[in-house]
Novice: 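Sharing a structure, written as structure tokens. Questions coming.
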Amino acid sequence: MTIRLYNTATRKKEEFIPLVKGKVGIYVCGVTVYDLCHIGHARSTIVFDVLVRYLRAKGFEVTYVRNFTDVDDKIIDRARQTGKDPASLAREYIDAFYKDMGELGVLNADKEPCATEHIDRMISMIETLIDKGFAYVEGGDVYYAVEKLDDYGSLSGRRLEDMHAGSRIAVDERKRHPMDFALWKAAKPDEPQWSSPWGPGRPGWHMECSVMSNYYLGPTFDIHGGGKDLLFPHHENERAQSKAANGVEFARYWVHNGFVTVESEKMSKSLGNFITIRDALKDYPAEVLRLFLLSKHYRSPLDFTRKDVLDLQSGLIRLYRTLQRMKTIVGRSEQKDQSQSVSLVDAPDGSFLDQFVRNMDDDLNTAGAVGLIFEKAKEMNRLMDRQGNTTDPEVFKQLKDDRRQIFLVARILGILQDSPEVFFTKIAGPARVDPEEIESMLRERTKARTEKDWAKADSIRNRLQEMGVVLEDGPNGTTWRLDV
RNA sequence: GGCGGCAUAGCCAAGUGGCUAAGGCAGCGGUCUGCAAAACCGUUAUUCACCGGUUCGAAUCCGGUUGCCGCCUCCA
């Protein structure tokens with residue numbers, strides 16, 4: 001069964017057939033490291049994290065490249081404002097990226113290059129472009145001539161004439177065409193700079209991705225990803241540079257994720273509605289955020305509202321309750337043999353795993369996949385309800401098998417990775433209760449209940465409720481948990 | 001002005017030509033319980049913004065209308 005991906009270049013869902021059978025090269029535009037990452041960055045990073053996990057689960061050998069843009073106007077500006085050195089500022093936010101994305105369960109890419117590590121190769125590519133007549137030098141700057149590439153604009157579906165007509169931006173008169181863009185920028189005083197055949201300077205933004213993707217994955221590779229906003233001009237220009245320099249096709253499948261809005265408004269510094277991952281993590285456990293970002297199709301816009309996130313949190317709590325219940329009934333899951341006993345590749349038709357694969361194969365329908373997990377959890381609860389106190393080995397086997405399957409798909413989505421206790425603690429916040437005291441109150445209440453002193457039993461329960469403790473009377477006695 | 005996308009129940013959200021329109025949240029009724037909690041069962045869209053068209057058959061394809069959004073400038 002093959003994966004179908006929506007290819008922005010053709011505006012269609014297409015069957016994904018890798019260049020080399022069984023192998024996938026994927027390049028995703030990372031972040032410019034001048035500030036903390038926000039939930040929009042989180043969405044993009046998580047979507048491609050899941051894509052890579054899924055490809056691997058399908059048996060592909062994946063080379064995943066995700067870059068850091070560590071030289072750029074914004075970094076230079078921010079460094080100036082804060083009196084920091086641009087390089088150390090970049091380092092600081094690279095560290096912050098790993099910390100924040102790590103908390104969200106994002107795995108590292110195979111290659112995570114910084115632009116500044118590839119300056120020499122960028123210079124070489126610019127030289128090639130000049131030699132081939134696709135670029136020209138003006139003073140210490142080098143520009144790419146968009147008119148020289150016959151299909152410039154085809155990736156983003158634009159025509160040069162249309163853009164020309166709508167453009168109201170002051171055009172640098174050194175450019176031969178208004179849409180020409182800088183490959184190399186002459187250095188201004190006090191800016192990071194590297195020597196080049198055109199004098200000291202730094203590369204234009206698009207160069208790094210052309211060079212690094214080609215360097216790690218070859219001139220033609222399988223998947224290029226990034227946020228929708230990067231389609232133009234960034235990806236269009238990347239593609240133009242590489243195609244012109246290498247004379248072959250660049251990325252074969254272009255995958256773009258949609259934007260995150262906050263309470264129906266685009267995140268922007270001026271509106272003050274920028275939500276950093278760090279701030280979001282103060283309000284919600286990482287998995288709630290992760291699941292929320294995967295609960296809508298990756299290409300659709302996603303509105304981040306408190307109500308919707310909390311609604312989803314309620315759902316995740318229910319999944320964890322099911323897992324906790326499983327633990328008390330059939331015991332802990334055995335991590336080791338999980339991967340051997342269940343597999344994505346030979347799932348029987350119509351089975352849970354088969355349905356999961358069908359959803360994910362269809363342009364990474366994580367929302368549909370999440371729905372399946374809820375259905376499976378309900379099925380497990382039903383089994384546990386029906387079984388009650390008995391210990392039917394058949395039921396045990398079924399439950400364990402169900403749990404293995406849930407964990408298999410949850411690992412691909414990167415959820416349900418906490419133990420239920422840890423998860424509930426994250427939601428309830430740091431414990432303010434003394435377990436000893438609760439146990440003692442519980443004993444008192446149990447005594448009252450055996451004496452059918454309901455008034456006393458209920459008053460104890462109410463007191464515990466006020467302490468944030470919820471009781472559950474079951475056939476095997478009373479258990480307590482933090483109210484979430 | 002150019003390009004693109006989206007409109008599915010109270011809210012969020014799958015489904016893109018044909019079984020009874022997934023799932024979650026919230027609500028209501030029920031089972032269980034001394035009462036709760038949790039879980040489960042039932043229930044909440046004869047209908048998928050609106051109007052036409054294609055088809056034996058459309059939420060799903062085509063045309064139009066309305067509304068919302070994104071990109072065209074740094075942006076995940």
Side-chain angles (χ1 to χ4, degrees), chain A residues 8 11 13 28-32 34 37-48 69 72-74 77 153 156-159 161-170 179 205 225-234 236 256-261 264-269 291-292 295-297 299-303 305 307-319 321-322 324-325 355 359 362 365-378 380-386 388 449 452-455 457-458 461-462 465 470-475 478-481 483:
Chain A
T8 312
R11 273 151 274 272
K13 276 188 205 173
V28 175
C29 288
V31 296
T32 301
Y34 74 106
C37 288
H38 54 66
I39 51 178
H41 297 115
R43 184 184 197 191
S44 180
T45 310
I46 288 171
V47 162
F48 290 104
T69 299
D72 157 275
D73 289 343
K74 291 192 295 291
D77 289 349
S156 56
R158 288 154 216 269
R159 289 175 307 174
E161 311 85 74
D162 294 340
M163 293 189 283
H164 194 183
S167 175
R168 286 286 178 280
I169 310 136
M179 295 311 294
W205 174 36
K228 225 167 205 167
D229 53 324
L230 296 178
L231 177 58
F232 189 88
H234 185 52
E236 189 71 59
H256 290 99
N257 64 278
F259 261 57
V260 178
T261 55
S264 304
E265 283 184 317
K266 186 180 173 180
M267 277 191 286
S268 80
K269 301 242 153 136
L291 183 59
F292 181 75
S295 67
K296 195 170 176 184
H297 188 88
R299 278 189 286 118
S300 306
L302 174 63
D303 195 28
T305 71
K307 179 190 177 296
D308 293 346
V309 178
L310 288 175
D311 283 354
L312 191 119
Q313 175 170 291
S314 301
L316 187 56
I317 287 170
R318 196 154 72 78
L319 293 181
R321 283 214 179 101
T322 302
Q324 192 172 40
R325 203 176 161 198
Q355 291 183 70
N359 274 280
D362 184 13
N365 185 357
T366 53
V370 169
L372 293 172
I373 296 179
F374 279 100
E375 286 179 345
K376 181 53 97 181
K378 178 168 285 191
M380 290 163 72
N381 277 321
R382 219 178 283 152
L383 263 178
M384 288 189 278
D385 275 3
R386 200 185 319 149
R449 289 184 74 217
K452 299 210 190 301
D453 185 352
W454 308 126
D458 290 350
R461 186 169 60 192
N462 289 341
Q465 174 78 55
V470 176
L471 302 187
E472 298 186 356
D473 297 326
T478 302
T479 58
W480 65 275
R481 61 179 170 85
D483 190 12

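Below, read A as the first sequence line, B as the second, and so on, with proteins coming before strands; counting in each chain starts at 1. Keep in mind it's a predicted model, so treat the numbers as computed, not measured.
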Novice: If each of A:Arg325 and A:Gly315 is mapped to the nucleotide of RNA chain B with the nearest heavy atom, which maps nearer the 5' terminus, i.e. the 5' end?
Specialist: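 On the 5' side of the pair lies A:Gly315.
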
Novice: Measure the shortest side-chain to side-chain distance between A:Ile39 and A:Met267 over non-hydrogen atoms and say whether it is less than 4.5 angstrom.
Specialist: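 Counting from C-beta outward, A:Ile39 and A:Met267 do come under 4.5 Å.
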
Novice: Could you give the distance separating B:U33 and B:C69 at their C1' atoms, to the nearest angstrom?
Specialist: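 Between the two C1' atoms, the distance is 50 Å.
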
Novice: Now, which nucleotide makes the Watson-Crick or G-U wobble pair with B:C50, with each of the two distances under 3.5 Å?
Specialist: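 Paired with B:C50, as far as the under-3.5 Å criterion goes, is B:G64.
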
Novice: Given B:C40, B:A76, B:C75, which nucleotide is nearest the side-chain atoms of A:Trp205?
Specialist: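 The answer is B:C75, which lies nearest to the side chain.
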
Novice: Could you tell me which nucleotide pairs with B:C35 by Watson-Crick or G-U wobble geometry, both distances under 3.5 Å, or answer none if nothing does?
Specialist: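 Pair assignment: B:C35 / none.
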
Novice: Any strand counts, and the cut-off is 3.5 Å on both contacts for Watson-Crick or G-U wobble. Which nucleotide pairs with B:U73?
Specialist: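 Partner of B:U73: none.
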
Novice: Rounded to the nearest Å, what distance is computed from the CG atom of residue A:Leu291 to the C1' atom of nucleotide B:A13?
Specialist: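 Roughly 12 Å, once rounded to whole Å.
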
Novice: Rounding to the closest angstrom, what is the interatomic distance between B:G18 and B:G10 at atom P?
Specialist: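 Straight-line distance between the two P atoms is 26 Å.
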
Novice: Report yes or no: does A:Arg43 contribute a side-chain atom to a donor-acceptor pair with the main-chain N or O of A:Phe259 at less than 3.5 Å?
Specialist: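 Looks like yes, one N/O pair under 3.5 Å.
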
Novice: Quick check: on RNA chain B, is the nucleotide nearest A:Asp229 upstream (toward 5') of the one nearest A:Arg299, or the reverse? Name the residue that is more 5'.
Specialist: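 This one resolves to A:Arg299.
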
Novice: Regarding A:Arg325 and A:Asn381, is there a side-chain donor-to-acceptor distance under 3.5 Å anywhere?
Specialist: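 A pair is found: one side chain offers a donor N or O, the other an acceptor, under 3.5 Å apart.
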
Novice: To the nearest angstrom, how far is A:Arg158 atom CZ from B:C3 atom P?
Specialist: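 It is 11 Å, rounded to the nearest whole Å.
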
Novice: Which one is paired to B:U20, where only Watson-Crick or G-U wobble pairs with both distances under 3.5 angstrom count?
Specialist: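 Pairing partner: none.
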
Novice: Nearest to the side chain of A:Trp454 - B:G34, B:A26, B:C40?
Specialist: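 The answer is B:G34.
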
Novice: Contact class for A:His297 vs. all strands (heavy atom < 4.0 Å): base, sugar-phosphate, or nothing?
Specialist: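 Contact class for A:His297: sugar-phosphate only.
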
Novice: Hey, does A:Phe374 reach any base, or is it just sugar-phosphate, or nothing, if we go heavy atoms under 4.0 Å?
Specialist: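 If one applies the 4.0 Å heavy-atom cut-off, A:Phe374 turns out to touch the sugar-phosphate alone, with no base involved.
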
Novice: Provide, to the nearest angstrom, the distance between the OH atom belonging to A:Tyr34 and the P atom belonging to B:C75.
Specialist: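 For the pair A:Tyr34 OH and B:C75 P, the rounded distance is 9 Å.
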
Novice: Given atom NZ of A:Lys74 and atom C1' of B:C75, what is their separation to the nearest angstrom?
Specialist: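 In whole Å, B:C75 C1' lies 6 Å from A:Lys74 NZ.
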
Novice: May I have the distance from A:Arg318 (atom CZ) to B:C12 (atom P), rounded to whole angstrom?
Specialist: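 So the two atoms are 20 Å apart, to the nearest Å.
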
Novice: Report yes if a side-chain nitrogen or oxygen of A:Arg461 is closer than 4.0 Å to either non-bridging phosphate oxygen (OP1 or OP2) of B:G34; otherwise report no.
Specialist: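 Checking A:Arg461 against B:G34: no side-chain N or O falls below 4.0 Å of OP1 or OP2.
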
Novice: Using the C1' atoms only, state how far B:U60 lies from B:C71, rounded to an integer number of Å.
Specialist: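 One C1' to the other, the span is 27 Å.
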
Novice: Considering only the C1' atoms, how many Å lie between B:C62 and B:G27, rounded to the nearest integer?
Specialist: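 Those two atoms are separated by 40 Å.
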
Novice: What nucleic acid atoms does A:Asn381 come within less than 4.0 Å of, heavy atoms only: base, sugar-phosphate, or nothing?
Specialist: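 Touches sugar-phosphate only.
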
Novice: For A:Phe259 and B:C71, what is the distance between atoms CZ and C1' respectively, to the nearest whole Å?
Specialist: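 A:Phe259 atom CZ is separated from B:C71 atom C1' by 9 Å.
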
Novice: Kindly point out which of B:C11, B:A39, B:A14 is positioned nearest to the side chain of A:Asp308?
Specialist: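 My answer, after comparing the listed nucleotides, is B:C11.
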
Novice: Checking all strands, does A:Asp303 fall into the base, sugar-phosphate, or nothing category for heavy-atom contacts under 4.0 angstrom?
Specialist: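 Here A:Asp303 touches no strand at all.
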
Novice: Among the candidates B:A14, B:C40, B:A76, find the nucleotide nearest to the side-chain atoms of A:Lys378.
Specialist: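 Closest nucleotide among those given: B:C40.
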
Novice: Touch check for A:Gly30, heavy atoms < 4.0 angstrom, all strands: base, sugar-phosphate only, or nothing?
Specialist: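 Since only primed, P, OP1 and OP2 atoms lie under 4.0 Å of A:Gly30, the category is sugar-phosphate.
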
Novice: OP1, OP2 of B:A13 versus side-chain N and O of A:Lys296: anything below 4.0 Å?
Specialist: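 So the side chain of A:Lys296 is within the cut-off, an N or O lying under 4.0 Å from OP1 or OP2 of B:A13.
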
Novice: State which of B:A37, B:G23, B:A13 makes the closest approach to the side chain of A:Arg481.
Specialist: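 My answer, after comparing the listed nucleotides, is B:A37.
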
Novice: With rounding to whole Å, what would you report as the distance between B:U31 and B:G52 at their P atoms?
Specialist: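 Going atom to atom, P in each nucleotide, I get 48 Å.
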
Novice: Suppose you measure atom C1' in B:U8 against the same atom in B:A14; what distance do you get, rounded to whole Å?
Specialist: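 So the two C1' atoms sit 10 Å from each other.
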
Novice: Of the listed nucleotides (B:G15, B:A76, B:A39), which one gets closest to any side-chain atom of A:Thr32?
Specialist: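 It is B:A76.
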
Novice: Can you tell me if A:Asp72 and A:Thr69 form a side-chain donor-acceptor pair at under 3.5 Å?
Specialist: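 Checked: A:Asp72/A:Thr69 side chains show no N/O donor-acceptor pair below 3.5 Å.
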
Novice: Classify A:Glu375 by what it touches in the nucleic acid, base, sugar-phosphate, or nothing, heavy-atom distance under 4.0 Å.
Specialist: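 Contact class for A:Glu375: sugar-phosphate only.
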
Novice: So which nucleotide from B:A76, B:G34, B:A37 ends up closest to the side chain of A:Arg449?
Specialist: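 Nearest to the side-chain atoms of A:Arg449, counting from C-beta on, is B:G34.
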
Novice: Can you check side-chain contact (heavy atoms from CB on, under 4.5 Å) on A:His256 and A:Arg299, steps first, answer last?
Specialist: CA-CA 7 Å; A:His256 290 99; A:Arg299 278 189 286 118; over 6 Å; no

Novice: Please answer whether the main-chain N or O of A:Gly153 pairs with a side-chain N or O of A:Arg159 as donor and acceptor at a distance below 3.5 Å.
Specialist: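 Looks like no, no N/O pair under 3.5 Å.
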
Novice: Under 4.0 Å: is that the gap between some side-chain N or O of A:Arg11 and OP1 or OP2 of B:G5?
Specialist: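 The answer is no; no side-chain N or O of A:Arg11 sits under 4.0 Å from OP1 or OP2.
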
Novice: Could you identify the nucleotide paired to B:G42, looking across every strand shown and requiring Watson-Crick or G-U wobble geometry with both distances under 3.5 Å?
Specialist: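 Across any shown strand, B:G42 pairs with B:C28.
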
Novice: Answer yes or no: is there an ion pair linking A:Asp303 with A:Lys296, defined by an N-O contact shorter than 4.0 Å?
Specialist: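 A:Lys296 and A:Asp303: not salt-bridged.
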
Novice: CD of A:Glu265 versus C1' of B:C69: gap in Å, rounded?
Specialist: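 Rounded to whole Å, this separation is 13 Å.
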
Novice: By the 4.0 Å heavy-atom rule, please label A:Leu312 as base, sugar-phosphate, or nothing.
Specialist: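 Nothing: the residue A:Leu312, judged by heavy atoms under 4.0 Å, touches no strand.
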
Novice: Counting the atoms with a prime plus P, OP1 and OP2 as sugar-phosphate, which does A:Val47 contact under 4.0 Å by heavy atoms, base, sugar-phosphate, or nothing?
Specialist: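 Counting heavy atoms under 4.0 Å across all strands, no contact is made by A:Val47.
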
Novice: Using the P atom as the point on both nucleotides, what is the distance between B:U44 and B:A76, in whole Å?
Specialist: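 Going atom to atom, P in each nucleotide, I get 46 Å.
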
Novice: Which part of the nucleic acid, if any, lies within contact of A:Met384, taking any heavy atom under 4.0 Å across all strands shown: a base, the sugar-phosphate backbone alone, or nothing?
Specialist: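 The answer is nothing, as A:Met384 stays clear of every strand by at least 4.0 Å.
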
Novice: Report which part of the nucleic acid A:Gly226 touches: base, sugar-phosphate, or nothing (heavy-atom distance under 4.0 Å, all strands).
Specialist: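 The answer is sugar-phosphate, as A:Gly226 gets under 4.0 Å only of primed atoms, P, OP1 or OP2.
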
Novice: Does B:A14 have OP1 or OP2 sitting under 4.0 Å from an N or O in the side chain of A:Asn359?
Specialist: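 So the side chain of A:Asn359 is outside the cut-off, no N or O lying under 4.0 Å from OP1 or OP2 of B:A14.
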
Novice: Given that both distances must come in under 3.5 Å, which nucleotide forms a Watson-Crick or G-U wobble pair with B:G57?
Specialist: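 Base partner found: none.
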
Novice: So which atom in A:Ser44 and which in A:Gly226 form the shortest heavy-atom distance, rounded to 0.1 Å?
Specialist: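 Answer, listing the atom of A:Ser44 first, then A:Gly226: OG-C, 4.4 Å.
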
Novice: So, do A:Leu302 and A:Thr261 sit near enough that their side-chain heavy atoms are less than 4.5 Å apart?
Specialist: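 Not in contact.
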
Novice: Rounded to whole Å, how long is the line connecting atom CG of A:Asp311 with atom P of B:G27?
Specialist: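 The distance from CG of A:Asp311 to P of B:G27 comes to 10 Å, rounded to the nearest Å.
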
Novice: Counting side-chain heavy atoms from C-beta on, which of B:A14, B:C11, B:A37 comes nearest to A:Lys307?
Specialist: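 Nearest to the side-chain atoms of A:Lys307, counting from C-beta on, is B:C11.
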
Novice: With C1' as the reference atom in both, quote the distance from B:A59 to B:A45 in angstrom, rounded to an integer.
Specialist: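 One C1' to the other, the span is 11 Å.
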
